[in-house]
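Okay, so here's the structure we're looking at.
Numbers restart at 1 for each chain; the letters A, B, ... are given by sequence-line order, proteins then strands.
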There are 2 protein chains.
Amino acid sequence: MNARIVIIDDEAQIRRMLRIALKSDGYEVVEAENGEQGLAAVVRHQPDLVILDLGLPDMDGHHVLEELRGWSRVPVIVLSVRSGDREKVRALDAGAQDYVTKPFSVEEFLARIRASLRDYNKPDAPKRLDDGHLCIDLAKRQVCVAGRLIDFTPKEYAVLTRLAQSPNCVITQTQLLQEIWGPGHEQDTHYLRIVVSHLRQKLGDEPAEPRYIRTEAGVGYRLVFREASQ
Amino acid sequence: MNARIVIIDDEAQIRRMLRIALKSDGYEVVEAENGEQGLAAVVRHQPDLVILDLGLPDMDGHHVLEELRGWSRVPVIVLSVRSGDREKVRALDAGAQDYVTKPFSVEEFLARIRASLRDYNKPDAPKRLDDGHLCIDLAKRQVCVAGRLIDFTPKEYAVLTRLAQSPNCVITQTQLLQEIWGPGHEQDTHYLRIVVSHLRQKLGDEPAEPRYIRTEAGVGYRLVFREASQ
DNA sequence: CCGAGTCTTTACGCAATTTTTACGCGTTGA
DNA sequence: TCAACGCGTAAAAATTGCGTAAAGACTCGG
């Protein structure tokens, strides 16, 4: 989960300071001391964010940003001693997420990094289970069986996704009843049997030899998933 | 294409300057001179960006941001005379996209607005949906059905486009009510039913087997789109 | 100040979902 | 062997939520 950050800056001092600050915040850091190295590092390490100094020895920082934007939309925070409007406008319009002028406060800089990562990495958790036959898309709230979209009632969907959250693990009856029907329904196990029955019908599961929802007698249920992706 | 921007600032001078600069760049501008007015304006005008001054007469700017983030993810650029790290870190971590210290360069400020608008409107949000029968153009704010332009009331349009921003995903009733009717209306689900009813009529959708707006009972609604083009 | 358009309130028929009730089947243990 | 128990299924009854219409309240521009 630790974000990876590429620093492109020719000053070893700045790199050192940033590296220490970033690592202590749990980021993975990759350093590059010129534009060419920087672009190579972005290709190689696929970072979640890039810190780019405009004053590089081999090529103009604006040029680096321009080239980068030709094939990547990774968020870039530009760093510069130059504080002229023109520079800032140019960098921001070229696709930089933010522009920070040296000298800067480390705390503020880290906060700007957090903001960039947060805002950019929004579509990050498309949780999905798919084994070719059954596909559960938690983000879209959609379930397919053999390519067919299936409709579920709220309770049915809740039970199925609760099981899907911990594939291949037994979820106890009490747990399911408490979490879905609310406290005070721990004894109503027949609700569960009915819902599971409907689920198996819609999933094309035979209760004698169920492919997906296995019964653990007296305990609870388990969703069996072979090729579970993350 | 014209983005709408809400300015929340108590100083008429600053508002005036921003208004002139923003309008000359083609933005639609709405002004508010305190926090309460500002929040109301965001609910009412559904802006694409918010400019928020931290020094407001009625409530703390941080508090405004906090409340706003409870129900909206519209990008916010914070404006302040205070330049302390703590302030900046707090605002950025609370969900601000950017933090600009007064006095500031108008050119730079406009560039930061362009950057925020550009970066925020990127994630998986197609500006235009078209399946041959229904065409939703979010940029032009136009909707066609079978080649005919359709008129919608503001609420109808807001619901439709909110659904269109995440095609094929369920948007919960609470989400729709909070984002469009504002906080405090989470329970008024019948508003939604009425608006959806009107939308289906205008879209030529039968509620029994809806082609476009599908009901997820007890949860929310989903805009079904097969051939979503760019 | 008025009227058109919009939003809110109110009301009611209908459909879907949940809960209740009932019954058959296999396993287990006395 | 058979009674008790947990499970699965199928129906009903009850409850909840949905869709629509229509009337009153509100807003805004002229």
Worksheet item: Between Ile77(B) and Val100(B), is a side chain to side chain contact (heavy atoms under 4.5 Å, CB included) present by the stated rule, with each step listed?
Response: CA-CA 7 Å; Ile77(B) 296 185; Val100(B) 177; 4.1 Å; yes
[X] [atom1] to [N] [atom2]: how many Å, rounded?
| X | N | atom1 | atom2 | answer |
| --- | --- | --- | --- | --- |
| His198(A) | dT18(C) | NE2 | P | 10 Å |
| Leu199(B) | dT20(D) | CG | P | 11 Å |
| Lys202(B) | dT20(D) | NZ | P | 14 Å |
| Asp205(B) | dG19(D) | CG | C1' | 13 Å |
| His190(B) | dC7(C) | NE2 | C1' | 11 Å |
| Glu206(A) | dT9(D) | CD | C1' | 15 Å |
| Ile194(A) | dG8(D) | CD1 | C1' | 10 Å |
| Glu209(A) | dG8(D) | CD | P | 13 Å |

Kindly point out which of [options] is positioned nearest to the side chain of [X]?
| X | options | value |
| --- | --- | --- |
| Ala217(B) | dC7(D), dT17(C), dT10(C) | dT17(C) |
| Thr215(B) | dG19(D), dT9(C), dC7(D) | dG19(D) |
| Gln201(A) | dT9(D), dT10(C), dT20(C) | dT9(D) |
| Thr153(B) | dC7(C), dT20(D), dG8(D) | dC7(C) |
| Ser197(B) | dC7(C), dG8(D), dG19(D) | dG19(D) |
| Tyr191(A) | dT20(C), dT18(C), dT9(D) | dT20(C) |
| Arg44(B) | dT27(D), dT21(C), dC7(D) | dT27(D) |

For [X], report the nucleic acid contact type (base, sugar-phosphate, nothing); a contact means any heavy atom under 4.0 Å.
| X | result |
| --- | --- |
| Gln173(B) | sugar-phosphate |
| Phe152(B) | nothing |
| Tyr221(B) | sugar-phosphate |

Response to the item:
Sorted by chain and residue number, the salt bridge (charged side-chain N to carboxylate O under 4.0 Å, His left out) partners of Asp25(B) (sequence neighbours excluded) come out as Arg114(B)
Worksheet item: Between Pro154(B) and Pro154(A), who's closer to the 5' end of DNA chain C by nearest nucleotide?
Response: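 Per heavy-atom nearest nucleotide, the more 5' residue is Pro154(B).
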Worksheet item: Name the one of Arg193(A), Arg214(A), Glu216(A) that satisfies side chain to side chain contact (heavy atoms under 4.5 Å, CB included) with Tyr221(A)?
Response: Arg193(A)
Worksheet item: OP1 or OP2 of dC7(C) less than 4.0 angstrom from a side-chain nitrogen or oxygen of Trp181(B), does that happen here?
Response: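 No, outside the criterion.
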Worksheet entry | Phosphate-side-chain proximity, Arg193(A) and dG8(D), N/O vs OP1/OP2 below 4.0 Å | no
Worksheet item: Parallel under 30°, tilted from 30 to 60°, perpendicular over 60°: which one fits the rings of Tyr191(B) and His185(B)?
Response: tilted
Worksheet item: Ion pair present between Arg4(A) and Asp48(A), side-chain N to carboxylate O less than 4.0 angstrom?
Response: no
Worksheet entry | Cationic tip of Arg141(B) above Tyr157(B) ring, under 6.0 Å, 45° of axis |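 That pair does not qualify as a cation-pi contact.
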